[in-house]
Amino acid sequence: MNNFEYISGSLFCEDVDLLAVANEYGTPAYVYSKDAIIKNAKSYVDSFTNSTSLACFAVKSLSNLSILKIINDSGCGFDIVSGGELQRVLSVGADPQKIIFSGVGKSKEEIKEAIKNKILSFNVESVSELYKIENIAKELDAIASISIRINPDIDSGGHDYITTGRKGDKFGISSTEDILSLCKHASSSSNLKLVGLACHIGSQIMSLDGYEKSANKVFELADKLLELGISLEFLDMGGGLGVSYEDENPPSPKELIALLENKFLERNERLILEPGRSISANTGVLLTKVEFIKENFLIVDAAMNDLLRPALYKAVHTISNLKGDQKNLKRWNVVGPVCESSDFLGKNVELEAVEGDILAIRNVGAYGFVMASNYNSRLRPCEILIDGDKTKIVRKRESMDDLLALERFTDD
Ligand SMILES: Cc1ncc(COP(=O)(O)O)c(C=O)c1O
């Protein structure tokens, strides 16, 4: 069941009428369903048949503390890409042995903190990074657990900006020679422990082919390492599973896991995944009010600073009027107040709407609020979590004081 449904002509999230939420908390506002978050996290956790398999939720897709706590309680680990994300997951009680640290540009401070907290593994993305982690571990008189992220040269399809596993993309290490020599070095180092190989080929992936191909590449390398006497604890096949924004039909987490666990049957390594969007996307909507109507424009109070995906990737999100029973449908461009022509939230959207109506931009749980900014000195929206008939603010709307708080005059 979808957690956002029309009941008697009004759009509800779980048992709560979204119009009442907009009236009480204002717009723009991100609204999430707790039940959807649990169901999506469990769609990974409960699909594993091997108890050693692990899903590390990609925090970059949705990082609100209350939501991370729910995901942690559902049995997922976390894939992080910064010191800030490390702080977030530690503060919700994540087990450090379920934390993977990805990203091509980890700073010294970030590496230190992660080593001190004994995370499960760094996904090392370059030759230099491996030596940097080793030196920092030496300074701390510690052992850092690492995996090598390989670049398998596989095109996952989809938008250029979210394809990460082709030769020439900045992610992972392409050269088999480099990978093998790094693994040899790491296995003889007193400050490194080589625990795995990783790969992540992109996002919004609509077919399992890419996973099959990347698993084969990772297995090939793992076998070469076994021949050198180096065995690994896990193989991390990344995230990237697509979701339905309009009427797409991506494979389910269960299908992905069945494919991979079947391929892992003959192997001793455990399977790790790093899903983001497929857990977070359909858990949230962005509520926004129609301020003005001009020609075929619905000018709303949310903008590209609140939801960047349409401007950044030309991403398409279904947009619905909270009032159902639409009869006089017209085609609109839904745009925000930001002074850019790229500031649109939907183009050619079929809706009935009048000024003052509240719209819901659907499936914005992933890469929604996390990409919000203060561009045009706009205040970032609040985040609200619905649990049955209960409504909780899980991040306050920013205030004018928040906006100005960090700035100083030169003579202060
Ligand atoms: C290293 C890594 N892992 C996991 C993810 C999550 O991807 P998705 O949200 O598409 O599942 C990303 C996002 O691009 C990523 O860069």
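Every number for a ligand or one of its atoms is a count from 1 in the order of the listing. For this chain, numbers begin at 1 and follow the sequence in order. Since the model is a prediction, treat every value here as computed from it, not as a measurement.
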key: R149-ligand 1 polar pair, N/O distance under 3.5 Å   = no

request  = For Y367, take its heavy atoms, then give the atoms of ligand 1 lying under 4.0 Å from any of them.
outcome  = 6 (C), 7 (O), 8 (P), 9 (O), 13 (C)

query = Are there more than 12 heavy atoms of other residues, nucleotides or ligands under 6.0 Å from atom CD of E246?
reply = yes

inquiry  = If you measure every N or O of G240 against every N or O of ligand 1, does any of those distances drop under 3.5 Å?
reply    = yes

ask   = Does S61, backbone or side chain, put an N or O under 3.5 Å from an N or O of ligand 1?
value = no

query = Would Y44 and S278 count as having a side-chain donor-acceptor pair, cut-off 3.5 Å?
reply = yes

message = Under 4.0 Å, heavy-atom basis, I'd like to know which part of R277 is in contact with ligand 1: side chain, backbone, both or neither.
response = both

ask   = With a 4.0 Å cut-off on heavy atoms, is P275 touching ligand 1?
value = yes

message = Pairs of nitrogen or oxygen atoms closer than 3.5 Å, one from S102 and one from ligand 1: do any exist?
response = no

message = Under a 3.5 Å cutoff, is there a donor and acceptor pairing between the side chains of T52 and N50?
response = yes

note = Residues passing the side-chain hydrogen bond (donor to acceptor under 3.5 Å, both in side chains) test with E212, sequence neighbours excluded, are K263

note = Contact region, D79 to ligand 1, non-hydrogen atoms below 4.0 Å, reads side chain

inquiry  = With a 3.5 Å distance limit and no angle check, can you tell me whether Y211 reaches the backbone of L241 through a side-chain donor-acceptor pair?
reply    = yes

request  = Say whether E274, considering both its backbone and side-chain N or O atoms, lies within less than 3.5 Å of an N or O atom on ligand 1.
outcome  = yes

ask   = With atoms numbered from 1 as shown, which atoms in ligand 1 lie under 4.0 angstrom from a non-hydrogen atom of A58?
value = 4 (C), 5 (C), 6 (C)

task = Applying side-chain hydrogen bond (donor to acceptor under 3.5 Å, both in side chains), name anything that partners N363, two or more places apart in sequence or on another chain.
result = none

query = With a 4.5 Å heavy-atom cut-off, do L18 and V285 have their side chains touching?
reply = yes

